[in-house]
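Data first, discussion second: the structure below is written as structure tokens.
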Amino acid sequence: MEKLRVAIQKSGRLSEKSLLLFAECDITLDSGGGRLLASSQDFPIEVLYLRDDDIPQYVADGVSDIGIVGENVINEKGKMLTITEKLGFGKCRLSLAIPKQENYSGIGYFNSKRIATSYPNILKEFLIKKNINAEIHEISGSVEIAPGIGLADSIFDIVSSGSTLFSNNLKEVEIVQYSEAVMIEHENLSQVKRNILDDMIFRIRSVQKAKKNKYILLNAPNENLNEIINLIPGMKSPSVVPLAKAGWSSLHSVIEEKDFWSVIDKLKQKGAQGILVIPLEKMIL
Ligand code: PRP
Ligand code: ZN
């Protein structure tokens, strides 16, 4: 049977989260000998473990059908590829950083400075736009150690928690772009593979949607029931079940996490009690 081949990062910021995404979608993977290729018995995919920088090329060539990689890598070397879906994890920024003790006066600081990076194309474009004349030193890894060993004056690299910069005595001075994990696809997928991809996207969206929402249960005095229903209308409308205690109902609904704290006060004002909030695993509208 035809399988959809998915390339993910072998080790790095996105590896574990990419695997977690499969797990959340109920796709289990065999460990696979040597961890180069794994397949799934319960969903028609194969997973190829690669260096993230190589993923755009593998997908462009069709060696892998789709890939999960940072937008930063796509912007650097895969602009021709179609982004299927933004995945909402692996959020980070591509930034310029300089030694902590340096005074930073603004972007002009970088004139005639040496900048080490694995992202020469993005950096070049940025420097041209800002009219800065700097020397770009392309290196493929451990960019953060370049200033310490005298290879460069500053760096341009991914910053996520900031701990890599911190432990190398560097400080972030300019954010050039934001990035997150995205799914990319080969331009000519067979119909079978396209269908598998659609199924996978369907699962991913139901997981993402669930993460943004919570299941909410509460006890409501019947005289305020309509007002409470208006506050938490849910997907279609809330379920209302009478309580054994006369004059009260139990109300079950779904609420977006971002609205939660602002709604909760209003619910209490309307007499809601015993409010329970429960995480959701999947949500299909
Ligand atoms: C990036 C970057 C830093 C680290 C920054 O590597 O090169 O090493 O993440 O993260 P922090 O701010 O949380 O310390 P990445 O995992 O993207 O892979 P790479 O080895 O391909 O650069
Ligand atoms: Zn990389």
Side-chain angles (χ1 to χ4, degrees), residues 6-23 35-37 47-61 63-64 66-81 83 85-102 104 110 113-127 134 136-184:
V6 191
I8 67 166
Q9 189 184 30
K10 190 156 87 183
S11 67
R13 278 183 317 115
L14 303 182
S15 319
E16 263 181 43
K17 285 176 178 155
S18 305
L19 290 171
L20 181 64
L21 181 72
F22 296 130
R35 290 246 319 163
L36 179 63
L37 192 69
V47 173
L48 194 58
Y49 298 92
L50 298 174
R51 282 189 54 218
D52 64 342
D53 312 63
D54 295 334
I55 292 175
Q57 197 59 52
Y58 274 71
V59 173
D61 293 345
V63 177
S64 188
I66 64 171
I68 295 176
V69 71
E71 264 173 314
N72 51 299
V73 177
I74 300 303
N75 291 341
E76 179 63 25
K77 46 176 80 171
K79 278 191 171 153
M80 64 294 185
L81 287 157
I83 293 181
E85 189 87 350
K86 289 199 175 199
L87 298 172
F89 64 81
K91 290 197 174 162
C92 63
R93 47 207 189 263
L94 265 172
S95 296
L96 283 159
I98 64 173
K100 214 162 57 186
Q101 70 282 3
E102 289 280 302
Y104 186 67
F110 289 98
K113 290 282 196 303
R114 297 165 303 163
I115 312 172
T117 189
S118 314
Y119 300 92
N121 293 322
I122 297 173
L123 178 58
K124 200 169 143 197
E125 209 174 289
F126 176 76
L127 293 176
I136 300 177
H137 280 250
E138 183 178 354
I139 48 177
S140 59
S142 304
V143 170
E144 62 279 2
I145 65 167
I149 58 171
L151 189 69
D153 305 302
S154 53
I155 67 165
F156 175 61
D157 200 12
I158 293 285
V159 182
S160 175
S161 63
S163 65
T164 303
L165 291 187
F166 183 80
S167 50
N168 287 279
N169 286 316
L170 298 167
K171 62 178 176 190
E172 184 179 19
V173 291
E174 293 284 341
I175 297 175
V176 173
Q177 59 178 243
Y178 290 88
S179 170
E180 68 180 82
V182 294
M183 182 178 282
I184 48 168

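Just follow the structure's listing: the first ligand is 1, and inside any ligand the first atom is 1.
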Measuring from non-hydrogen atoms of Leu165 to any atom of ligand 1, is the shortest distance under 4.0 Å? no
Note: heavy atom closest to atom 13 (O) of ligand 1, options Ser179, Ser167, Ser161, belongs to Ser161
| task | Please indicate whether any nitrogen or oxygen in Gly162 is less than 3.5 Å from any nitrogen or oxygen in ligand 1. | result | yes
Tell me yes or no: between the side chains of Glu71 and Asn75, is some donor less than 3.5 Å from an acceptor? no
Would you check if Phe89 and Leu20 make a side-chain contact, meaning some heavy-atom pair closer than 4.5 Å?
no
Rounded to the nearest 0.5 angstrom, the NZ-CZ distance for Lys100 and Phe166 is 5.5 Å
**Q.** Tyr49 and Ile8, any side-chain heavy atoms less than 4.5 Å apart
**A.** yes
- Query: Hey, is atom 7 (O) of ligand 1 under 4.0 Å from any protein heavy atom?
  - Reply: yes
All heavy atoms of Gly150 vs all of Arg114, minimum pair found to be O-NH1, 3.3 Å
Logged contact type for Asp157 with ligand 1, heavy-atom cut-off 4.0 Å, is side chain
Begin from the C-alpha positions of Ser95 and Glu172 and carry the test side chain to side chain donor-acceptor pair (under 3.5 Å) through to its verdict.
CA-CA 6 Å; Ser95 296; Glu172 184 179 19; 2.5 Å; yes
All heavy atoms of Asn72 vs all of Ser179, minimum pair found to be OD1-OG, 2.9 Å
In Asp52, the N/O/S atom nearest the Zn ion (ligand 2) carries the name OD1
query = Looking only at distance, does Ser163 have an N or O less than 3.5 Å from an N or O of ligand 1?
reply = yes
So for Gln9 against ligand 1, with non-hydrogen atoms under 4.0 Å, the contacting part is side chain
Protein heavy atoms: any of them under 4.0 Å from atom 15 (P) of ligand 1? yes
Answer key: the N, O or S atom of Asp53 nearest to the Zn ion (ligand 2) is OD1
The answer for which part of Asp52 has a heavy atom under 4.0 Å from ligand 1 is side chain
